[in-house]
Amino acid sequence: QYQWYENTTNSNVGGTLIPGATDSIYTPSTATDGTTYYYCTLELPAGGCSEITSNPAEIIVYPDPAIGTQPESSDTICLGGTINPPLSVSYTPGTGVGQDSYQWYENTTNSNVGGTPIAGATNSTYTPVTSNLPVGSYYYYAIISFDGNHCDDAVSDVAHIEIIDDPVVNISPNTPQVLCENAPVDTLTATATGGWGTYQYQWYENTTNSNVGGTPIAGATSSIYPPDNTVVGIMYYYCVVTQSGEGCEVTSATVEVEIVDGPNFTQQPQSDIVCIDAVINVYISYQDGTGTPQYQWYENTTNSNVGGTLI
């Protein structure tokens, strides 16, 4: 005759008799998590044998695995960007039995059911390959499995990654400026739209008409920049706009600023001594400067180019 007992301590004495558990095999209940000890007594009354008691068997029931750390619920990146940090998932300690394993899934809808397993994505962290994906919404989730007896899978919440267009930047004025040395220069203004996150600016100067390979201008980190007007020559300026969103960056077109030497006379007016009613001409010539020349002659009663009378 068999009789099974359950106990809360690791002892084959003082347990609670389990009604109906009178066979050599007993299937303990696993409906509630916790630790329970089971033992069995065997009695052979017909032979006059003494009752014997088995050692206790420890049965530990863990809760089914549960998600402890959910992946980031949403993230927004620009075209060509990659999320940082990666998606991460973990299970709650004390849940699940056996060796844990992970599998990440991608889905076309905001659901953690019916997704497609991602080849090789079998770690607790995963960085989606988004560098070649077009603008749109993408969904990911993870399933944690345990190889212990009858452990259900733990399914994470969905992580939504939104890919948007890169920002756009325009420079004004965007036409070439040709100015004399030390003349006032129009300030360049970068106007950025779109993308994701706070705009950050860095202006560059280049000796060639290219927005690649320029030299970053120290301190030129606002949306406006006044080009240098003290060095004669042609310089090209452009602005790189970045944002806090991953992959959100855009480079403007170049703007040309040419600084030329100021005008100077190559021919001064000619002095002369003539009789009354003589016909004479005085003339000048110049070099350098920029733009269409405008002339104005003056006459003076003293040998001075100040204080004369406009003719």
Side-chain angles (χ1 to χ4, degrees), residues 69-88 106-108 110 125-140 157-179 182-231 233-259:
T69 301
Q70 297 284 359
E72 188 74 22
S73 61
S74 64
D75 200 353
T76 300
I77 60 177
C78 287
L79 275 172
T82 300
I83 65 169
N84 185 32
L87 301 177
S88 179
E106 58 187 0
N107 212 347
T108 55
N110 190 5
T125 60
Y126 174 63
T127 301
V129 180
T130 54
S131 58
N132 295 319
L133 292 178
V135 168
S137 296
Y138 300 87
Y139 304 95
Y140 302 89
D157 293 340
V158 174
H160 171 206
I161 296 178
E162 187 74 17
I163 299 178
I164 62 175
D165 282 316
D166 281 316
V168 175
V169 62
N170 293 301
I171 303 298
S172 61
N174 59 5
T175 54
Q177 298 185 62
V178 182
L179 303 161
N182 296 315
V185 182
D186 288 339
T187 296
L188 302 179
T189 300
T191 303
T193 57
W196 179 260
T198 303
Y199 297 116
Q200 297 174 323
Y201 304 87
Q202 178 61 62
W203 289 89
Y204 290 76
E205 59 184 7
N206 208 347
T207 56
T208 61
N209 189 9
S210 173
N211 63 358
V212 177
T215 302
I217 303 170
T221 56
S222 72
S223 62
I224 60 174
Y225 176 69
D228 178 65
N229 63 352
T230 62
V231 178
I234 298 176
M235 191 67 72
Y236 299 90
Y237 298 92
Y238 62 93
C239 186
V240 175
V241 180
T242 57
Q243 291 176 283
S244 52
E246 294 295 333
C248 296
E249 180 175 313
V250 64
T251 301
S252 76
T254 59
V255 175
E256 176 183 322
V257 176
E258 181 179 2
I259 304 299

Test side-chain hydrogen bond (donor to acceptor under 3.5 Å, both in side chains) applied to E72 - qualifying residues, sequence neighbours left out: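 Expected list: none.
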
By side-chain hydrogen bond (donor to acceptor under 3.5 Å, both in side chains) - contacts of N229 (at least two apart):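 Applying side-chain hydrogen bond (donor to acceptor under 3.5 Å, both in side chains) to N229 gives none.
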
Looking at [X] and [Y], would you say the former's side chain and the latter's main chain have a donor-acceptor pair under 3.5 Å?
| X | Y | answer |
| --- | --- | --- |
| T130 | G81 | yes |
| T254 | N209 | no |
| W203 | S222 | yes |
| Q70 | S88 | no |
| N206 | Y236 | no |

Please table the atom pairs, donor to acceptor, closer than 3.5 Å between any side-chain atom in residues 163-175 and protein atoms at least two apart or in another chain.
none

Test item: side-chain donor near acceptor, S137 and E162, under 3.5 Å: yes

Please tabulate, for side-chain N and O atoms in residues 241-248, each donor-acceptor pair with protein atoms closer than 3.5 Å (sequence neighbours left out).
| residue | atom | partner | partner atom | Å |
| --- | --- | --- | --- | --- |
| Q243 | OE1 | W196 | N | 3.2 |
| Q243 | NE2 | G194 | O | 3.3 |
| Q243 | NE2 | G197 | O | 3.0 |
| S244 | OG | T198 | N | 3.3 |

Close side-chain approach of Q177 and V185, heavy atoms under 4.5 Å: yes

Any Y140 side-chain heavy atom under 4.5 Å of L87 side chain: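 Heavy-atom side-chain distance check passes, below 4.5 Å.
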
Counterpart residues, side chain to side chain contact (heavy atoms under 4.5 Å, CB included), relative to T187 (two or more places apart):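 Once residues adjacent in sequence are excluded, the partners of T187 under the side chain to side chain contact (heavy atoms under 4.5 Å, CB included) criterion are I224, P226.
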
Partners passing side chain to side chain contact (heavy atoms under 4.5 Å, CB included) against A253 (at least two apart in sequence or in another chain):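 Counting only residues at least two positions away or on another chain, A253 forms no side chain to side chain contact (heavy atoms under 4.5 Å, CB included).
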
Heavy-atom closest pair, residues [X] and [Y]:
| X | Y | result |
| --- | --- | --- |
| Q202 | I217 | NE2-O, 3.0 Å |
| P128 | T82 | O-CG2, 4.4 Å |
| Y238 | S210 | CE2-O, 3.5 Å |
| M235 | T207 | SD-N, 4.1 Å |

Flag if over 12 foreign heavy atoms under 6.0 Å of CG, N182: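 Yes, because the 6.0 Å sphere around CG of N182 holds more than 12 heavy atoms from other groups.
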
Parallel, tilted or perpendicular: ring planes of Y225 versus Y237, cut at 30 and 60 degrees: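 Y225 vs Y237 ring planes: tilted.
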
Residue pair E256, I234: steps toward the side-chain contact (heavy atoms from CB on, under 4.5 Å) verdict: CA-CA 7 Å; E256 176 183 322; I234 298 176; 3.8 Å; yes

